[in-house]
Amino acid sequence: EEANTPSARAKQPWVVVFGHRPMYCSNNDRDDCTKYETKTRVGLSPDDGFGLEDLLYENDVDLAVWAHEHSYERLLPVYNMTIMSGPDAASPYTDPKAPVHIVTGSAGCREKHDGFIDNPPPWSVVRNSEYGFTLMKVLNSTHLRVEQLSVEPDLHPVDKFWIVKNTHKYSHPTSDNHV
């Protein structure tokens, strides 16, 4: 909450969270993020209140960066399994109405790559199973760039997108609309 005060946001407008187990993914390995009510998203049970999705949304988090899955996946802005793009559907990352999530666990391991399901959910827009790494650059208070680079077989870009936010606030639903 402190990072979301007007004075804090004036100094550091972007709020980015990093976590290990993602809320959302379209991998085919049956990990928690492949399920509808993931523990990271809704908690141990929907009634226990320990899920993080409401917390991220209510505190206007701009970007959530996750790992665990041995792959890269970019999502549209999403909250409660619902795509919440910006006002122009052709530019979903301009003034999005919910956090943008990426899964970037593709740095490599002895377990090899994680594959993906054949028909991804509509919030999944870019998926890649090559080993690689992610770069993030905050250009200014309104523009943040994310780029995924593959190292297989040689260094090359896999994905690049900008999040553009003219305001770092979401229109929050009433509490009875929450998960």
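Across every non-hydrogen atom of Pro96 and Pro92, the tightest pair is CB-O, 3.8 Å. Considering every non-hydrogen atom in both Gly132 and Gln148, the closest pair reads C-NE2, 3.9 Å. What you find for Glu53 and Met23 is that their closest heavy atoms are N-CE, 3.5 Å. Glu152 and Ser150 get closest at one heavy-atom pair: N-OG, 3.0 Å.
Between Tyr93 and Trp162, the gap from one ring centroid to the other reaches at least 6.0 Å. A ring-centre distance under 6.0 Å is not found for His20 and Trp66.
Under a hydrophobic clustering in which Ile, Leu, Val, Met, Phe, Trp and Tyr are joined whenever their side-chain heavy atoms come within less than 4.5 Å, directly or via other members, Val17 and Trp123 fall into the same cluster. Cluster membership check: Tyr131 does not share its hydrophobic cluster with Val158, using side-chain heavy-atom separations under 4.5 Å among Ile, Leu, Val, Met, Phe, Trp and Tyr. A continuous path of Ile, Leu, Val, Met, Phe, Trp and Tyr side chains, each step under 4.5 Å between heavy atoms, connects Val15 with Phe18, placing both in one hydrophobic cluster. Follow the hydrophobic side-chain contacts under 4.5 Å out from Phe116 and you never reach Val125; the two are in separate clusters. Following chains of ILVMFWY side-chain contacts shorter than 4.5 Å, one can reach Val103 starting from Val126, so the two form part of one hydrophobic cluster.
Salt bridge status for Asp62 with Arg9: present, with a side-chain N to carboxylate O gap under 4.0 Å.
Between Thr94 and Asp88, the side chains place no donor N or O within less than 3.5 Å of an acceptor N or O (distance only, hydrogens not considered). Using modelled atom types, one finds no donor on one side chain facing an acceptor on the other under 3.5 Å when comparing Asn80 with Tyr57. Side-chain N/O atoms of Ser26 and Glu73 include a donor and acceptor closer than 3.5 Å.
Residue Asp95 is tested with Pro87, Ser85, Pro77 for a side chain to side chain contact (heavy atoms under 4.5 Å, CB included); the sole match is Pro87. Among the candidates Leu139, Val100, Val164, Val16, the single residue satisfying the side chain to side chain contact (heavy atoms under 4.5 Å, CB included) test with Leu144 is Val16.
To the nearest 0.5 Å, atom OH of residue Tyr72 and atom CD of residue Glu130 are 12.5 Å apart. Separating the OG atom in Ser7 from the CD atom in Glu2 is a distance of 8.5 Å, to the nearest 0.5 Å. With values rounded to the nearest 0.5 angstrom, Asn128 atom CG is found 10.5 Å from Leu149 atom CG. Within the model, atoms CG of Asn119 and OG of Ser124 stand 11.0 Å from one another, a figure rounded to the nearest 0.5 Å. With rounding to the nearest 0.5 angstrom, the OH atom of Tyr170 is 9.0 Å from the CE atom of Met84. Atom NZ of Lys169 sits about 4.5 Å away from atom CG of Asp60, to the nearest 0.5 Å.
Heavy-atom contacts from other residues, nucleotides or ligands closer than 6.0 Å to CZ of Arg127 number more than 12.
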With side-chain contact (heavy atoms from CB on, under 4.5 Å) as the criterion, how do Phe133 and Val151 come out once you've worked through the C-alpha distance, each side chain's angles and the decisive distance to 0.1 Å? CA-CA 8 Å; Phe133 59 94; Val151 296; 3.9 Å; yes

Apply side-chain contact (heavy atoms from CB on, under 4.5 Å) to Thr142 and Lys165, showing your working. CA-CA 5 Å; Thr142 60; Lys165 295 192 79 174; 5.9 Å; no

Any chance you could lay out the side-chain contact (heavy atoms from CB on, under 4.5 Å) test for Asn27 and Ser71, step after step, and finish with the verdict? CA-CA 8 Å; Asn27 295 92; Ser71 58; 3.0 Å; yes

Set out, in order, the CA-CA distance, both residues' side-chain angles and the distance that settles side-chain contact (heavy atoms from CB on, under 4.5 Å) for Tyr79 and Leu56, then state yes or no. CA-CA 9 Å; Tyr79 172 70; Leu56 271 55; over 6 Å; no

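Residues Val42 and Phe50 have side chains not in contact (no heavy-atom distance under 4.5 Å, counting atoms from C-beta outward). Side-chain contact between Arg21 and Lys39: absent, with no pair of heavy atoms (C-beta onward) separated by less than 4.5 Å.
Geometric assessment of Arg74 against the ring of Phe161 yields a positive cation-pi assignment under the 6.0 Å and 45° thresholds.
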